[in-house]
> 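Quick one: the structure is below, questions incoming.
Every chain is numbered from 1 and lettered A, B, ... according to where its sequence line falls, protein lines coming before strand lines. Keep in mind that this is a model prediction, so the values were computed, not measured.
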There are 2 protein chains.
Amino acid sequence: MSRSNPRVVSVLERAGGFASAQEVYRLMQREGESIGLTTVYRSLQSLVNDKIVDVLRREDGEAIYRLCGDTHHHHHLVCKSCGDTVEIEGGAIEKWAKTMAQEFGFRDVGHTAEIFGLCPKC
Amino acid sequence: MSRSNPRVVSVLERAGGFASAQEVYRLMQREGESIGLTTVYRSLQSLVNDKIVDVLRREDGEAIYRLCGDTHHHHHLVCKSCGDTVEIEGGAIEKWAKTMAQEFGFRDVGHTAEIFGLCPKC
DNA sequence: ATGGAAATGAAAATCATTTTCATTTGTGCT
DNA sequence: AGCACAAATGAAAATGATTTTCATTTCCAT
């Protein structure tokens, strides 16, 4: 069984939010780190098992990972046309998620929320 | 462009909950209906476009579809473990999305928001 | 140093989904 | 009916993420 890989953790820290396995791999390559894709997958899996990272799914089904207890949880406002992205605060969402979870007795909850539209330039 | 296929709708009705494209395909085969997997995928896609079905992701990333009884815009509270789903109100989200879009000058906005966690039974 | 367990990664396998493309079906028109 | 053209269909190939296999390398404890 592979162990929680500190190098992968470090990349997730620097990514500051969600990143897919492929993105983590590409990032490490770009930074000159020598690592195999298989090892990235295994490290992420074991980080999930150890509850050190959360795993979610993007709309296209790709798995995305984030360090748990990341205080810099934010959401995105993405332009449908040029792909430009703005990081935004989601205080209202946090509250909404908490309230809804409570109402239906769900525990250990997380959430996803993104806004899409046309940016001022497009 | 393929059209919303009534045979696929009928299968989803009988399935009575969520079903993946592969499951819909297998079900139709079992019932002796002649249809290709490609057509199942295309039909589901266009049903999603027409907002006749909802699409979500199972934990393994497979897309699952369900007839969406109302045209009313809603969000989901999904159990990470058993996949059980509750449709919830998202009034706070609508407002949040609108506010954020306005603040950054985005037009023509839409949004996605889902909450996931462990349901009371899991 | 030595042996065994754990970690690694390249390549192949898997699986859902999408794309390609040739064929069939449907529809409007004369 | 016959014809033309658009839409629908589906088999097979392509794609892309993820997992598995397996041979090799690295780590430790003795």
> Is a donor from one side chain sitting under 3.5 angstrom from an acceptor on the other, for A:Arg42 and A:Thr38?
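Absent: no donor and acceptor within the cut-off.
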> Please verify the inter-ring angle class for B:His75 with A:Trp96; under 30° counts as parallel, over 60° as perpendicular, anything in between as tilted.
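Geometry flag for A:Trp96 against B:His75: perpendicular rings.
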> Using whole Å, report how far CD of B:Glu59 lies from C1' of D:dA17.
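In whole Å, D:dA17 C1' and B:Glu59 CD are 17 Å from each other.
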> Tell me the closest heavy-atom pair linking A:Val8 and A:Ser43, and the distance in Å.
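Closest approach of A:Val8 to A:Ser43: CG2-CB, 3.8 Å.
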> Return the value, rounded to whole Å, for the distance between atom CD of B:Gln29 and atom P of D:dT9.
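That distance rounds to 15 Å.
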> List for me each residue that meets side chain to side chain donor-acceptor pair (under 3.5 Å) alongside A:Gln22, sequence neighbours excluded, and say none if there are none.
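Side chain to side chain donor-acceptor pair (under 3.5 Å) check on A:Gln22 returns A:Tyr41.
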> What is the separation between atom CZ on B:Arg58 and atom C1' on D:dA17, rounded to the nearest whole Å?
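B:Arg58 atom CZ is separated from D:dA17 atom C1' by 17 Å.
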> Do other residues, nucleotides or ligands put more than 12 heavy atoms under 6.0 Å from the CD atom of A:Glu59?
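Counting neighbours around CD of A:Glu59, 12 or fewer heavy atoms of other residues, nucleotides or ligands fall under 6.0 Å, so no.
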> Between C:dT25 atom C1' and B:Asn5 atom CG, what is the distance in whole Å?
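Going from B:Asn5 (CG) to C:dT25 (C1'), I get 14 Å.
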> So if I define the base as every atom that isn't primed, P, OP1 or OP2, how would nucleotides 10-19 of chain C read as a B/S/- string at a heavy-atom cutoff under 4.0 Å?
BB----SBBB
> Please indicate whether A:Glu94 has more than 12 foreign heavy atoms, meaning atoms of other residues, nucleotides or ligands, lying under 6.0 Å from its CD.
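Count over threshold, so yes.
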